[in-house]
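Proteins come first, then strands; the chains are lettered A, B, ... in the order of their sequence lines, and each starts at number 1.
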Amino acid sequence: MNKLTDSLGDWRRTHYSKRMDPEMSGEQITVMGWIHEIRDLGGIIFVLLRDRDGIIQITAPSKKISKELLDEIRKLKKESVIAVRGNIQESGKAPGGYEIIPNEIKLLNQSKLPLPLDTTDKVRAEIDTRLDSRYIDLRRPTSSVIFKIKSRMLHSVRNFLEKGEFIEINTPKLVASATEGGTELFPITYFEREAFLGQSPQLYKQMMMATGLDKVYEIAPIFRAEEHDTLRHLNEVISIDIEASFCDHEDVMKILEGMVHTVLGDVANYGEDELKLLGVDLEIPDIPFDRIDYDDVVDIVNSKGVNMGYGEDLSRAAEKAIGEHMNNYYFITHWPTDIKPFYVMPDDKDPKRSCAFDLMYKDLEISSGAQRVHKHDLLVERIKKQGLNPVSFERYLAAFEYGMPPHAGWGLGAERFTMCITGAKNIRETVLFPRDRRRLTP
RNA sequence: GCCCUGGUGGUGUAGGGGCUAUCAUGUGGGCCUGUCGAGCCCACGACUCGGGUUCAAAUCCCGGCCAGGGCGCCA
């Protein structure tokens, strides 16, 4: 099989499929990609070549090209990789308005058939089938376009934060302590000791506040060993985290809403074609976002017939109820101190309430943040109150003894944010190789 | 982890104690000079695994595995 394939040699792609213009008519160009479909009508063969940008038609009329080339084309199979040199021609009859009349074709690699799933969207495959053969699934534009948008989103996030004078940091994902409380951690073997995969950069980015770097951000994976099995949870996700000194929760909420607003604008501006492919009409929310007090959330949820007590976290039914009442992006503020982590600052005037907030998009929590406790003794008290041992936080706590400024921050789930932008119903759509309760490969 | 539903060619499905197991797409072959979900003809290809009931199980029962939906868990 392989002896029939050609080497790349000195051939290089001169154009992507969608970047043609009328002035190029007649010009010889080289395109490279995968065979999306072949329509052999006998006297004329149409080969649809797909690359990153889209699809261009190679048109081979028997009268215009040599018999040898025609025979070569007739032997081509779906999803094989080819390079085509030919003349570009404007044509109203061709999809996209342009077609290429081939002079020479190289078969760079052949595809095995049949394919594990259909790349032309004639027959839909289930997400499980698609994830098993993700590289082929991503040949479908509706699948890969999510990652083009995610890339734009992350680029825009970095731009925004860099403009705001945030410094990008990298904190360890191999950590010693399982005592941060809350979520389950993945244990791993670290030489002769046990270690864990980091659940959050929280403690590290707070320690950075004691360094004088003032404003930091990190975009990195976090790991949570929860056995959840839903459309919006994974065991490995990307967290967009910031922490800023000499700030309170109001300041970082402004940064967060400003960032979401800017990023959505950027994606709408520069990703127009991509959004169109998904059929998404991206609405840019006005800022400031609505802020709703936790106590009012409880009242609204109860008024919708969903039972919820003050001091409880939102159940799924509660999230749906509040999501129905609010729309788009909104903050839930003044969470009860007791259900928030130890590092969250209690409200001065009413310590039962905290300076913590969640950013919601409809019924989906996409970010949570807070003003943090920067006073050492209060922090120790809060750790004890949550049933944790201050001794295991020794190194973290020490950072609060030598001049820790007041600070605040948040973490935003990159995949959940991508879901908001793309309209994906399953978080797995927004990760190339998702890790969930059952899936560890590919 | 719990509840509900399901697992049929490569993919997506119909069927539901005994027939040659349905359809689409695909794959292989043939015809066709403007296809664009091309069309037409021929062929190929499947009942999740283990156990049980039964003269007979893809179908009913039990269990495993896997999946879909919902929930829980998720500082």
Can you find a side chain N or O atom of A:K77 that sits less than 4.0 Å from OP1 or OP2 on B:G28?
yes
Answer for the Watson-Crick or wobble partner of B:C44, both distances under 3.5 Å, is B:G26
Residues which pass ring-ring contact (aromatic ring centres under 6.0 Å, His included) with A:W410, listed by chain and number, not counting sequence neighbours:
none
How is A:I127 classified with respect to the nucleic acid when contacts are heavy atoms under 4.0 Å: base, sugar-phosphate, or nothing?
sugar-phosphate
Around A:H376, counting heavy atoms of other residues, nucleotides and ligands shown, do more than 12 lie under 6.0 Å from its NE2?
yes
What about A:H228: does its side chain form a donor-acceptor pair under 3.5 Å with the base of B:C74?
no
If you take all heavy atoms of A:E218 and A:P201, which pair is closest and at what distance?
OE1-CB, 3.5 Å
Please report, rounded to the nearest Å, how far the C1' atom of B:G69 is from the NZ atom of A:K320.
10 Å
Under 4.0 Å, heavy atoms only, any strand: does A:D40 hit a base, just the sugar-phosphate, or nothing?
base
May I have the distance from A:D121 (atom CG) to B:C36 (atom P), rounded to whole angstrom?
17 Å
Separation between the P atoms of B:G17 and B:A24, rounded to whole Å
25 Å
Would A:S62 and A:K64 satisfy side-chain hydrogen bond (donor to acceptor under 3.5 Å, both in side chains), going step by step from the backbone distance to the final call?
CA-CA 6 Å; A:S62 56; A:K64 282 195 190 166; over 6 Å; no
In whole angstrom, what separates A:L115's CG from B:G26's P?
11 Å
Across the strands shown, which category fits A:A94 at heavy-atom distances under 4.0 angstrom: base, sugar-phosphate, nothing?
base
Identify whether any heavy atom of A:T129 sits under 4.0 Å from a base atom; if not, whether one sits that close to sugar-phosphate; answer base, sugar-phosphate or nothing.
sugar-phosphate
Within the 4.0 Å heavy-atom criterion, would you say A:K340 contacts the bases, only the backbone, or no part of the nucleic acid?
sugar-phosphate
Across the strands shown, which category fits A:L231 at heavy-atom distances under 4.0 angstrom: base, sugar-phosphate, nothing?
sugar-phosphate
Partner nucleotide, any strand, of B:C73 [Watson-Crick/G-U, under 3.5 Å]:
none
For A:D313, answer base if it contacts any base atom (sugar-phosphate contacts may also be present), sugar-phosphate if it contacts only those atoms, and nothing otherwise; contact means non-hydrogen atoms under 4.0 Å.
nothing
Is any side-chain N or O of A:K122 closer than 4.0 Å to OP1 or OP2 of B:U11?
no
Give A:K425 one of three labels, base, sugar-phosphate or nothing, depending on what nucleic acid heavy atoms sit under 4.0 Å from its own.
nothing
Spacing between A:I35 atom CD1 and B:G26 atom C1', to the nearest angstrom
16 Å
Please check if the distance between the ring centroids of A:F186 and A:F223 is under 6.0 Å.
no
Base, sugar-phosphate alone, or nothing: which one does A:T230 contact when heavy atoms must sit under 4.0 Å apart?
base
Using the C1' atom as the point on both nucleotides, what is the distance between B:G7 and B:C47, in whole Å?
10 Å
Can you check the A:D229 CG to B:G72 P distance for me, whole Å?
13 Å
Test your reading of the model: is there a side-chain donor-acceptor pair from A:R291 to the backbone of A:T333, 3.5 Å cut-off?
no
Base, sugar-phosphate or nothing for A:K64? Non-hydrogen atoms, less than 4.0 Å.
nothing
A:I38 CD1 to B:C32 P, straight-line distance once rounded to whole Å
18 Å
Look at the side chain of A:Q57 against the base of B:U35 and say whether a donor-acceptor pair falls under 3.5 Å; ignore hydrogens and angles.
yes
Look only at the side chain of A:N426 and the backbone of A:E429, and say whether a donor-acceptor pair between them is shorter than 3.5 Å.
no
Between B:C73 and B:G37, how far apart are the C1' atoms? Round to whole Å, please.
44 Å
Base, sugar-phosphate or nothing for A:S91? Non-hydrogen atoms, less than 4.0 Å.
base
How is A:E79 classified with respect to the nucleic acid when contacts are heavy atoms under 4.0 Å: base, sugar-phosphate, or nothing?
nothing
How would you label the contact of A:R437 with the nucleic acid (heavy atoms, under 4.0 Å): base, sugar-phosphate, or nothing?
sugar-phosphate
Hunt down the Watson-Crick or G-U wobble partner of B:G7, both distances under 3.5 Å, from any strand shown, or write none.
B:C65
Should B:A58 form a Watson-Crick or G-U wobble pair with both distances under 3.5 Å, which nucleotide is its partner?
none
Could you give the distance separating B:G9 and B:A58 at their C1' atoms, to the nearest angstrom?
14 Å
Is any side-chain N or O of A:E99 under 3.5 Å from a base N or O of B:G34, one able to act as donor and the other as acceptor?
yes
Separation of the P atoms in B:U8 and B:C49, to the nearest angstrom
10 Å
Both distances below 3.5 Å, Watson-Crick or wobble geometry, any strand: find the nucleotide opposite B:C19.
none
Any base atoms under 4.0 Å from A:P116, or only sugar-phosphate, or nothing? Heavy atoms, all strands.
sugar-phosphate
Watson-Crick or G-U wobble mate for B:U35, both contacts under 3.5 Å
none
Inspect the surroundings of CD in A:E401 and state if more than 12 heavy atoms from other residues, nucleotides or ligands are less than 6.0 Å away.
yes
